[in-house]
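Working notes for the structure below.
Just so you know, these numbers use all the heavy atoms, side chains as well, and skip hydrogens, waters and symmetry mates. So that the names make sense, note that chain A is the first sequence line, chain B the second, and so on, each numbered from 1.
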There are 2 protein chains.
Amino acid sequence: MLSTLTKWVLLMSPELERLKELSLAENLGRLHRLWRTAADAELIPLGLTHPRWTALWKLLRLGDNVSQKVLADALEIELPSLMRTLNQLEDQGYVQRRCCEKDKRARIVSLTPDGIEMLKQMESKIMLVRRNLLAGISQQQLNDFENIMSKISENALATLDKSSA
Amino acid sequence: MLSTLTKWVLLMSPELERLKELSLAENLGRLHRLWRTAADAELIPLGLTHPRWTALWKLLRLGDNVSQKVLADALEIELPSLMRTLNQLEDQGYVQRRCCEKDKRARIVSLTPDGIEMLKQMESKIMLVRRNLLAGISQQQLNDFENIMSKISENALATLDKSSA
DNA sequence: TATAACTAGTTAGCATGCTAAGTAAATAAC
DNA sequence: GTTATTTACTTAGCATGCTAACTAGTTATA
């Protein structure tokens, strides 16, 4: 049985041989996790979990007073996932939800004064993490990096479209 | 209350203003998710969930016959997370676990003939996804990209070391 | 207008990561 | 050699993502 594997491994493509190290996909996951961990290390002491602080942060950047649906889409999570987080943030007194006048199905999420205060504390920490993690990388390198990310994203979306068609 | 926020938003740093688009960290998460989704689209039809096929794939690259601990470390997940997945793979008949002679605490994971067969089917699909997602990107660009990823990883690790010290 | 189709929100429950706590074996310290 | 510490595994249960299914409100269609 082992010899079967051994034989196959010897016949593996040269590509696979190279992939014995961490593959690009694995490195991407690793880097994302590291970034998240570094940010959490700064922000969790403020009493917010990762989904909570990211939701607050996104809410700020959306300009406050958006529907749950808009916030969920921006966070790229589903509404049920957001529900739990918003319940917690409401319990903590950082956000409020009210019915939307124009569309009575919708509920509008807004920051409370406490939420705004918390965001002020968050901002400097988030910027600090960003500066620390991008230390020693030039703007040009960063642009190139983001372009490659975009290119891979496009390729992925094209592949997914094709396979779902 | 709203005016408080408005005033603050107007005073926000120029850096924050730029971050109204997706930040780099968010793009990283998004790209990682996209890659994972594209790979899963090919591999889930084989009857394996994401944690299961990644574990099989890693087991192959580690050369088979490694302890659960070594496999968990390579996958960068904790042992309890791996346990559930290995139970499932064992139920499906793709891996076996046996006691280690040298260290009686450890259990050695190995591929069954069915597991090897499944990996043969997986290999071509994984390589296909990789080629599709990296289409139109030169080797030089890819090297640069991976170097920036490494640099950010180093920075993150340095930051984490510092904050835990 | 009346009905059909969609959409926002909610609830319930699954999947997969984690930490905490316990056991048995190995290793280090004395 | 005995004891203390560490390690590999396991179990139990939490956190946070998801889909499925439901309700209520909106929009499109006949």
Side-chain angles (χ1 to χ4, degrees), chain A residues 26 29-30 32-34 36-37 39-41 43-44 47-56 58 62 65-92 95-110 164, chain B residues 26 29-30 32-34 36-37 39-41 43-44 47-56 58 62 65-92 95-110 164:
Chain A
E26 289 168 323
R30 183 155 184 275
H32 178 230
R33 219 175 313 125
L34 271 172
R36 179 183 156 141
T37 304
D40 284 354
L43 289 156
I44 285 179
L48 293 167
T49 61
H50 184 85
R52 280 180 240 169
W53 75 255
T54 49
L56 273 185
K58 182 61 82 175
L62 290 174
N65 285 289
V66 293
S67 72
Q68 299 186 146
K69 172 67 174 163
V70 167
L71 183 53
D73 283 351
L75 288 165
E76 301 186 69
I77 61 176
E78 300 300 319
L79 264 176
S81 309
L82 181 60
M83 292 292 302
R84 188 160 31 199
T85 302
L86 285 181
N87 289 340
Q88 294 162 346
L89 286 171
E90 208 169 40
D91 288 348
Q92 287 184 290
V95 304
Q96 286 174 333
R97 287 186 280 197
R98 65 172 189 281
C99 286
C100 177
E101 293 303 319
K102 292 177 189 165
D103 183 342
K104 284 177 183 166
R105 291 168 306 178
R107 288 175 78 194
I108 303 298
V109 186
S110 61
S164 71
Chain B
E26 289 168 324
R30 181 154 184 277
H32 179 228
R33 220 175 313 125
L34 270 172
R36 181 184 153 139
T37 304
D40 283 355
L43 289 157
I44 285 180
L48 293 167
T49 62
H50 185 83
R52 280 180 240 169
W53 74 255
T54 49
L56 273 185
K58 182 61 83 175
L62 290 175
N65 286 290
V66 292
S67 73
Q68 298 185 146
K69 172 66 172 164
V70 166
L71 183 53
D73 283 350
L75 287 165
E76 301 186 66
I77 61 176
E78 300 299 319
L79 264 176
S81 308
L82 181 60
M83 293 291 303
R84 188 161 30 201
T85 301
L86 285 181
N87 290 339
Q88 294 162 345
L89 286 171
E90 208 170 39
D91 289 347
Q92 288 184 287
V95 304
Q96 285 173 332
R97 287 187 278 198
R98 63 171 191 280
C99 286
C100 177
E101 292 303 318
K102 293 175 189 166
D103 183 341
K104 283 177 183 164
R105 291 169 306 178
R107 289 175 78 195
I108 302 298
V109 186
S110 60
S164 71

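Inter-residue side-chain proximity for B/Arg97 and B/Asn87 is flagged as met; some heavy-atom pair is nearer than 4.5 Å. When side chains are defined from C-beta on, A/Ile108 does not count as touching A/Val66, because their heavy atoms never get closer than 4.5 Å.
When each of D/dG17, C/dG9, D/dC9 is scored by its nearest atom to the side-chain atoms of A/Thr85, the top-ranked nucleotide is D/dG17. Nearest nucleotide to the B/Pro80 side chain, out of C/dG17, C/dA20, C/dT16: C/dA20. The side chain of A/Leu79 approaches C/dG9 more closely than any other nucleotide in the set C/dC18, D/dC18, C/dG9.
Closest approach of A/Ala72 to A/Leu82, counting heavy atoms only: N-CD2, 3.6 Å. Shortest non-hydrogen contact noted between B/Ser81 and B/Thr85 is O-OG1, 3.6 Å. The two residues A/Ala55 and A/Leu89 make their nearest non-hydrogen contact at CB-CD1, 4.1 Å. Considering all non-hydrogen atoms of both residues, B/Leu56 and B/Val95 come closest at CD2-CG1, 3.8 Å.
Checking A/Arg33 against A/Val70, the closest nucleotide of DNA chain C that is more toward the 5' end is the one next to A/Val70.
Between the CG atom of A/Leu89 and the C1' atom of D/dA15 there is a distance of 15 Å, rounded to whole Å. In this structure, A/Arg97 atom CZ and C/dA8 atom P are separated by 16 Å, rounded to whole Å. We find that CD of B/Glu78 is positioned 16 Å from C1' of D/dA12, with the value rounded to whole Å. Regarding A/Gln68, its CD atom lies at a distance of 19 Å from the P atom of D/dT23, rounded to whole Å. For B/Ile77 and C/dA15, the CD1 to P distance is 17 Å, given to the nearest whole Å. Computed from coordinates, the A/Met83 CE to D/dT19 P distance equals 16 Å when rounded to whole Å. As a whole-Å value, the separation of B/Glu76 CD from C/dC18 P is 10 Å. A straight line from CG of A/Asn87 to C1' of C/dG9 spans 12 Å, rounded to a whole angstrom.
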When you look at B/Arg33 and A/His32, which way does the side-chain contact (heavy atoms from CB on, under 4.5 Å) test go after all the steps? CA-CA 10 Å; B/Arg33 220 175 313 125; A/His32 178 230; 5.8 Å; no

side-chain contact (heavy atoms from CB on, under 4.5 Å) between B/Asn65 and B/Val109, worked out: CA-CA 5 Å; B/Asn65 286 290; B/Val109 186; over 6 Å; no

Any N/O pairs under 3.5 Å between the protein and nucleotides 2-5 of chain D? List them or say none.
none

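With sequence neighbours left out, the side-chain hydrogen bond (donor to acceptor under 3.5 Å, both in side chains) criterion links B/Asp40 to B/His50, B/Trp53.
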Return a single string for nucleotides 23-28 of chain C, one symbol per nucleotide in 5' to 3' order, where B is base contact, S is sugar-phosphate-only contact and - is none, cutoff 4.0 angstrom on heavy atoms. --BS--

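For A/Thr49 and D/dT16, the shortest distance from a side-chain N or O to OP1 or OP2 is below 4.0 Å. Of the side-chain N and O atoms in A/Ser81, none sit less than 4.0 angstrom from OP1 or OP2 of D/dT16.
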